[in-house]
**Q** 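Here it is, the structure, as structure tokens.
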Amino acid sequence: MDLTVFLVQVLNGVQYGFLLFLVSSGLTLVFGIMGIINLAHGAFYMFGAYIVFWLNGVLGNFFMAILLGVPIMIVLSLVIERFAISYLYQRDHLCQLLLTYGLILILNEAQLLIWGSDFYSVPVPEILSGRIALTENQDYPIYRLFISVVGLLLAGGMYLVIQKTRLGMIVRAGASNREMVEVLGININLVFSIVFSVGAALAAFSGMIAAPVSSVFPGMGNGILIVSFVVVVIGGIGSIKGAFIGAMLIGLATTFGQVLLPNLASMVVYALMAGILVWRPQGLYGRTTSS
Amino acid sequence: MEFSRPVRWLLLLAVLLLAVFPFVGADYYTELVVRIMIFGIFAMSLDLLIGFTGLVSFGHAAFFGLAGYVLAIVTPESSGVSLFWSLPLSILASGLAAAIIGWFSVRTTGIYFIMITLAFAQMVFYYFQEAVQWGGSDGMFLFFRPTVTIGNTVILDLEQNRTFYYFVLGSLVASLLLVKRLLGSPFGRVIMGIKANESRTRAIGYATFYYKWVSFIIAGMLAGLAGYLEVTHTGTISPGYLAWHESGIVIMVVVLGGLGTLYGPVIGAFVFVVLQDTLQDYTSHWLLIMGILVILIALFLPKGVTGLLDQILYRQGIQNTNNEDHGHQDHRT
């Protein structure tokens, strides 16, 4: 493997890592703050991709489609939070698992009813469709760089919101002690609604920007959900920083696994997870007492 | 773990009914009952984990499918293999996988455990998905059911559907008695103690890790038995058998039937298979209805069908229907 091939793989790995981070940060936030294990998170990713496919067809503009699609997903997630998830706050994990599993079944079938079982593709928007030259004989698609840049901006934005704003303070406090935050007069239900819809919006947004590079197909959320679980477990449940590190590790391990160990590529990720768990059962940035 | 007197009589009655069923039921329904019984064994094995050890495994389908794959792999295209070695081999393969996966997973608790078992099961799934030599995503066929012969005498001809029916029924009853016996042993007391309060059990001096690990392995092996029977029954195996949808469905079946009862999951399997069979006739989108049903069970029926039956039998369930403690062994034991 020479240097340019190596560089391309690093870029691919980082791009996939950012995508994974966007999905898994929502998952880890929802668990860390609300104590909810949300299996339906991958379904939001899938719905994001389908909505952008649909709106892109109607409006003819990818960015308008995203701009309109995200609010739709926020409304959908708020409805789901209000009518299903909010019943789970006092229940155990088994109950959450079942209910969100039921949600997956419903959302997957809803997708089949609306869009059918065909595979679709979303064209890369004109302005980002070019390729950038790395060396004289190696180039790289601009759109993939765009995903990384957007991921980086969102990660930075999340860092600022969580570390520097009042909402972020409440979110951090809520992650470490929910009851205490409630006692201090914070409307925790409102915080939960916001966190859940932000998580869903992040998942849907990743589905939207991933649509042009992967195709849009039924059940596309399942694969990413499971990998996001791995990311969250590696990083430590509830930790955004952990999710970032975990996503980058998995992103790079996946791309390099495909090049170096093509036969075992899909297992590399899980082997990595097993290794990290032996070393730190609570994940890289997890708290030692898990519940 | 002891069944209460009415439950014992009802179970005996159920076994008798199952024993005479092939003589009265149509072939189609007999086949349906075989499916229910196999799924019942599978669900019962998960109940040992969720309902008695307090480990919510979301990767149980891996052990079910793995044993099925082993049987399909060792069976040549021209004849069946002997059950005497293929059954232990398949079950041991599942047990070995459970030992490895459990060794990593059991040291974690709660939500970590759920996610890790899921991730490992997916790893097994992807392995078979990409294993071209074993059919990849199309899976494999089993052309001949295992043979049960000593010398040249055929003891059981499993190709005969009725013989196979009784073999499955026997396996179900044996599994139930075995797990019941296990739970009555000191080992069973300890794992139930772990479910009730792990720190306290550890404080008394039990190495809880090993108890949970062994429980995980036994459950995996029992799931393997179910997988072996399933492949013998259907004659096919594909990665779909190991997929996480299967793991999700079997959790649902256990809860639907009633956690921590052993026979409850079999009732759950009955309800599920009959519902699936009926709904599939009406609409190809039966999973939508199933999804709604899953949500309703999660919200309103945390004790499952057996919890409902208990309320009717004892008329005292009202104070026990609190959703907080639905996994506990209350008046039933």
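No experiment lies behind these values; they were computed from the predicted model shown. To find a chain, count down the sequence lines: A is the first, B the second, and so on, and within it residues start at 1.
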**Q** I want to check something: taking the side chain as every heavy atom from C-beta on, are B:S215 and B:L48 in contact at a cut-off of under 4.5 Å?
**A** yes
**Q** Where does B:I114 contact chain A at under 4.5 Å (heavy atoms): side chain, backbone, both or neither?
**A** side chain
**Q** Which atoms of B:L296 are under 4.5 Å from chain A, going by heavy atoms: the side chain, the backbone, both sets, or neither?
**A** neither
**Q** In terms of the angle between their ring planes, are B:F128 and B:Y69 parallel, tilted or perpendicular, with boundaries placed at 30° and 60°?
**A** parallel
**Q** Name the orientation class of the two ring planes belonging to B:F120 and B:F104 (parallel below 30°, tilted from 30 to 60°, perpendicular beyond 60°).
**A** parallel
**Q** Pick one of side chain, backbone, both or neither for A:L225, based on which atoms fall under 4.5 Å of a heavy atom in chain B.
**A** side chain
**Q** Other residues, nucleotides and ligands only: do more than 12 of their heavy atoms fall within 6.0 Å of CZ on B:F270?
**A** no
**Q** So for B:F58, is it side chain, backbone, both, or neither that comes closer than 4.5 Å to the heavy atoms of chain A?
**A** side chain
**Q** Using a cut-off of under 4.5 Å on heavy-atom pairs, state which of A:V227, A:L112, A:V269, A:L113 scores highest against chain B.
**A** A:L113
**Q** By a 4.5 Å heavy-atom criterion (distance strictly below it), what part of A:L97 contacts chain B: side chain, backbone, both, or neither?
**A** side chain
**Q** Considering the options A:N38, A:I36, A:I37, which one meets the side chain to side chain contact (heavy atoms under 4.5 Å, CB included) requirement together with A:L88?
**A** A:I36
**Q** Quick check on A:V233 against chain B: is it the side chain, the backbone, both or neither that has a heavy atom closer than 4.5 Å?
**A** both
**Q** Centre-to-centre under 6.0 Å for B:F216 and B:F63, is that the case here?
**A** yes
